[in-house]
Structure formats: structure tokens, C-alpha cells
Number of protein chains: 2
Amino acid sequence: MKPKYDIRNALRLHRVKAGDMTQQELADRVGATRQTIMSIEKGRYNPSVGLALRIAKVLGASIEELFELEEEEGDRDG
Amino acid sequence: MKPKYDIRNALRLHRVKAGDMTQQELADRVGATRQTIMSIEKGRYNPSVGLALRIAKVLGASIEELFELEEEEGDRDG
DNA sequence: CGCGGTAGTAAAATAAACTTTACATTTTGT
DNA sequence: ACAAAATGTAAAGTTTATTTTACTACCGCG
């Protein structure tokens, strides 16, 4: 079952920009596991806003820069 | 078990600001239930960044305005 | 080639988000 | 006071995030 709200993320881009940090390093700094970072980078799920906030802080970016709503065409009910 | 990283939110404030929308109205517009909105407003858990993004869009605010990391003093390992 | 570090994948288990339903309390309008 | 709408709480259930563990592939280095 795919998530209700798809998001696109530029995590990897910003991770590299922020000093070419490794996944493990980022994971440590935000208090998550490498697999969690992996899964987010790969778009397998969207993190909690708490984790997203911490990632944004470490990467020196805004959440809006990091994560973006997928525009789903023709699938909206409004 | 309380969440690992507490967040503070100004959801209610912005909900009122954005035309005094009811919880139900906001819930409908973001595709969630009223209870979900309630729980977020009451700080019972932090939503996914996907839902947070949709809320921010509807309320015309940034995620950073809506949700803020709780600064926990003396609980960091680095 | 063998080694260490990084990245990709996956399965099982646990924690947390989110839904559904139901009921109590407060607020608002008449 | 009464009714209706909005808010608050809660329990049980489903789905998704996150962890833990483990294995594979790629790359630079000796």
C-alpha cells in the first residue's frame, strides 16, 4: 500500500552539499539509523516532522527545500 | 512512551488565523480525520512530513512556523 | 587479491501515526 | 433553557515509520 501523500526529497543532494556527509554520519547526528536515512532518501516513506526538522537543522536547509509534496494529477477529490 | 523528539506546534493559532477554520474543516482539506488534527494540536504525536506539508499549504504557513523542535537541555550526546 | 568503508536491499520486530467509533464537555445561536 | 455545532478524550484496530540484524555490491587502498 503506497503512502497517502507522496513526497519527493532532495536529501541526498543536500547531504552531499553539506560537506559530503555519509548516511551514517547524518543518521548519528539526527539520532536515527542509517536504514532510516536510506529509506527516506529512497522515498520509501515520509518521516515524522520531528525527524524532518532535525535533518533540516543538520543539513542547514528548510523542510520545504528538503521535502516536497508530489503533485498527483487527477487523483484529488477537491 | 513519549516521542523521542518533542515538537511544539502553533497549529491552533494558525488555524484560527486562517479564517477560523474548524478542526473538521482542516481535517477534510488535508485528507485526515478530526482526531488526527486534534492529536497534533494537543501535541500527542508529531505527524508525518507529508501531512505537515499539506497542513502548511492549507494554512498558508511554513512548516517551521507551524512546528518547532523542543529544545531539550542537557539531554544531548554531542 | 584481500581489506575497510560506503551504499543498497530486505525481513522480522517494535513503536508510533492514523483511523474508526463512541461518548462527554464546552461553546454558540435562538 | 434548548439544540446544534465544535472541541476533548479514549479504546481498539490498521497502517506506516523506525529499529535491529544481516547480507550483497561497489570503490579506493595495501
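Quick note on labels: first sequence line is chain A, next is B, and so on, each numbered from 1.
- Distances shorter than 4.0 Å separate none of the side-chain N or O atoms of Arg12(B) from OP1 or OP2 on dA6(D).
- Using a 4.0 Å heavy-atom cutoff across all strands shown, Ser48(A) reaches sugar-phosphate atoms only and no base atom.
- In this structure, Met38(A) and Thr33(B) both approach DNA chain C, and ranking their closest nucleotides by distance from the 5' end singles out Met38(A).
- Here Leu26(B) contributes atom CG and Met38(B) contributes atom CE; the two are 12.5 Å apart, rounded to the nearest 0.5 Å.
- Arg15(B) has no side-chain polar atom (N or O) that falls below the 4.0 Å cut-off from OP1 or OP2 of dA6(D).
- If you check dG8(C), dT18(D), dG8(D) against the side chain of Leu51(A), the one that comes closest is dT18(D).
- Once rounded to the nearest 0.5 Å, the distance linking CD1 of Ile40(A) with CD of Gln23(A) reads 10.5 Å.
- In summary, Arg15(B) and Glu41(B) engage in a salt bridge, as defined by a charged side-chain N under 4.0 Å from a carboxylate O.
- When each of dG8(D), dT19(D), dA7(C) is scored by its nearest atom to the side-chain atoms of Tyr45(A), the top-ranked nucleotide is dT19(D).
- One interatomic measurement links the two molecules: CG of Asp28(A) to P of dA7(C), which rounds to 12 Å at whole-angstrom precision.
- Between Gln23(A) atom CD and dT18(D) atom C1' the separation is 15 Å, expressed in whole Å.
- Whole-Å rounding puts the Glu41(A) CD to dT18(D) P distance at 14 Å.
- Here dG8(D) is the nucleotide among dC18(C), dG8(D), dA10(D) with the atom lying nearest to any side-chain atom of Arg34(B).
- Distances were taken from every side-chain heavy atom of Ile40(A) (C-beta onward) to each of dA16(C), dT18(D), dT7(D); the shortest belongs to dT18(D).
- Across the protein-nucleic acid pair, Gln24(A) atom CD and dG8(C) atom P stand 13 Å apart, rounded to whole Å.
- Under 4.0 angstrom from either OP1 or OP2 of dC18(C) there lies no side-chain N or O belonging to Arg54(B).
- Taking only distance into account, the side chain of Arg44(A) never meets the base of dG8(C) through a donor-acceptor pair shorter than 3.5 Å.
- Proximity note for Asn46(A) (side chain, C-beta onward) versus dA7(C), dG8(D), dA17(D): the nearest is dA17(D).
- Taking the side chain of Gln35(B) as heavy atoms from C-beta on, and the options dA10(D), dT18(D), dG8(C), the nearest nucleotide is dA10(D).
- Nucleotide dG8(C) holds its P atom 12 Å from the CG atom of Leu11(A), rounded to whole Å.
- Note that the CG atom of Leu53(B) and the CD atom of Glu64(A) stand 6.5 Å from one another [nearest 0.5 Å].
- In this structure, Asp20(B) atom CG and dA5(D) atom P are separated by 17 Å, rounded to whole Å.
- At whole-Å resolution of the value, CD1 in Ile55(B) and P in dA17(C) are 13 Å apart.
- Side chains of Thr36(A) and Ser39(A): a donor-acceptor N/O pair is absent below 3.5 angstrom, by distance only.
- As rounded to whole Å, 17 Å separates atom C1' of dT9(D) from atom CD1 of Ile37(B).
- Expressed to the nearest 0.5 Å, how far CD of Glu65(A) lies from NE2 of His14(A) amounts to 5.0 Å.
- When heavy atoms are screened at a 4.0 angstrom cut-off, Thr36(B) is found touching base atoms of the nucleic acid.
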